[in-house]
Amino acid sequence: MPPPGSLERLRVANRRAITGLLAAEGPMSRADLTRASGLSRTTVSSLVGALIASGQVRETAGRGRPHKGGSGRPPVLVALSTPAGGVAGVDVGHRHVRVAVADRGGTVLAEDLAELDVDAHGAEALDRAAAMVRTLLDRAGVPRADLHAVGMCVPAPLDRRSARISTGIMPGWRHLRPARELARRLGVPVHADNDANLGALAELHHGVARGVADLVYLKVASGLGAGIVLGGRLHRGVSGIAGELGHVQVGEDGLVCRCGNRGCLETVVAAPRLIDLLAPAYDEELTTERVLELDDAGDPGVRRVLDDAGRTVGRAVADLCNSLNPEAVVVGGSLGTAPSLVSGVRHAVDRYAQPDTAAAVRVVPGALGDRAEVVGAVALAIARVAAA
Ligand SMILES: [Zn+2]
């Protein structure tokens with residue numbers, strides 16, 4: 001690394017700014033890069049030239065939109081070269097491990113899912129994940145030595161400072177640092193983040209929120225959480241646990257939450273609570289999948305409960321919208337695709353957010369479903385390799 005303050009150090013930082021933008025936004029014209037980086041046109045042009053010469057960036061066959069007001073040829077786009085080798089995404093859920101191996105452009109080459117009791121057996125789940133990565137590399141024809149990095153999703157808040165999962169909900173993980181443990185098994189850098197953050201990253205890069213700079217991603221599943229993207233970047237907060245929407249208080253004397261407080265939103269809205277609420281009125285055993293089917297079929301009880309749940313979450317989301325003024329609220333997680341839940345959120349945002357804020361925000365279901373976390377983990381791995 002060149003000495004701080006030197007001209008060479010500045011060039012390295014500027015090159016990273018360019019490759020970072022291309023990694024996050026995909027192919028861009030030199031004019032777009034100039035606008036987005038805040039660097040001068042000549043600097044961008046010379047940096048792009050140097051990156052093309054070194055093989056890190058290439059001109060693409062596709063072209064961008066013509067310059068504003070101009071009638072000339074549309075500009076040539078530049079993109080990151082897809083370097084050799086691959087990355088992996090590992091999604092550790094409470095009851096599953098899903099792994100994807102992708103090329104460095106983010107195209108998934110092989111993917112697999114295993115069901116196991118993750119919460120109680122941390123070390124075993126990590127062994128299984130490592131074995132799946134190796135098998136999928138072989139299946140995808142990527143030599144094991146060419147794996148550059150792994151992105152990892154954990155289903156709980158991850159304290160950035162201690163690198164530990166910060167709640168007691170996963171007894172088999174209490175003494176584990178998940179990223180370090182998986183890195184030890186695979187011999188490559190592993191970058192971990194929580195499920196809502198990676199869901200947000202996945203919808204931002206590959207889902208319904210492409211091109212959106214400010215968004216809130218809600219994960220409504222066995223728990224409730226949010227991932228917040230501001231200015232095109234994940235907002236993680238000082239210790240990595242920003243977006244803990246599930247622990248917003250909605251009832252002073254409500255049920256005791258796993259966090260130790262009472263009346264947290266998650267004690268009212270997570271999937272198990274909704275199923276408990278519905279169970280007495282149905283003669284069959286309800287699962288999340290069955291609840292989604294019943295919602296689709298127009299079942300009035302299910303519609304009512306999901307709409308109420310959406311409005312309860314939406315009340316808290318409206319406050320978040322007032323603070324952040326996002327362009328999109330993306331509803332993901334196993335219940336996120338339920339139309340009644342999404343429309344409940346929309347209704348509450350319209351009712352409780354400031355009218356201009358409500359008018360500016362789209363409320364949409366996520367596009368990636370169960371795969372959001374693994375796709376986000378792949379995106380995280382690619383971003384970290386590009387920044388290295
Ligand atoms: Zn709580």
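In listed order, ligands and their atoms are each counted from 1. The chain is numbered in sequence order, starting from 1. Not measured: the values here are computed from a predicted model.
- Using a 4.0 Å cut-off between charged side-chain N and carboxylate O, Arg30 and Glu59 make a salt bridge.
- Residues meeting the side-chain hydrogen bond (donor to acceptor under 3.5 Å, both in side chains) test with Arg139, sequence neighbours left out: none.
- Classification of Arg98 and Glu373 as a salt-bridged pair fails, no side-chain N sitting under 4.0 Å from a carboxylate O.
- For Arg273 and Glu266, the salt-bridge test fails: no basic side-chain N is under 4.0 Å from an acidic carboxylate O.
- For the Zn ion (ligand 1), the set of protein N/O/S atoms nearer than 2.8 Å consists of His247 ND1, Cys257 SG, Cys259 SG, Cys264 SG, ordered by chain and number.
- Comment: Glu244 does not engage Lys219 in a salt bridge, judged by the lack of any side-chain N to carboxylate O separation of less than 4.0 angstrom.
- Using a cutoff of 4.0 Å between basic side-chain nitrogens and carboxylate oxygens, Glu124 and Arg128 are not scored as salt-bridged.
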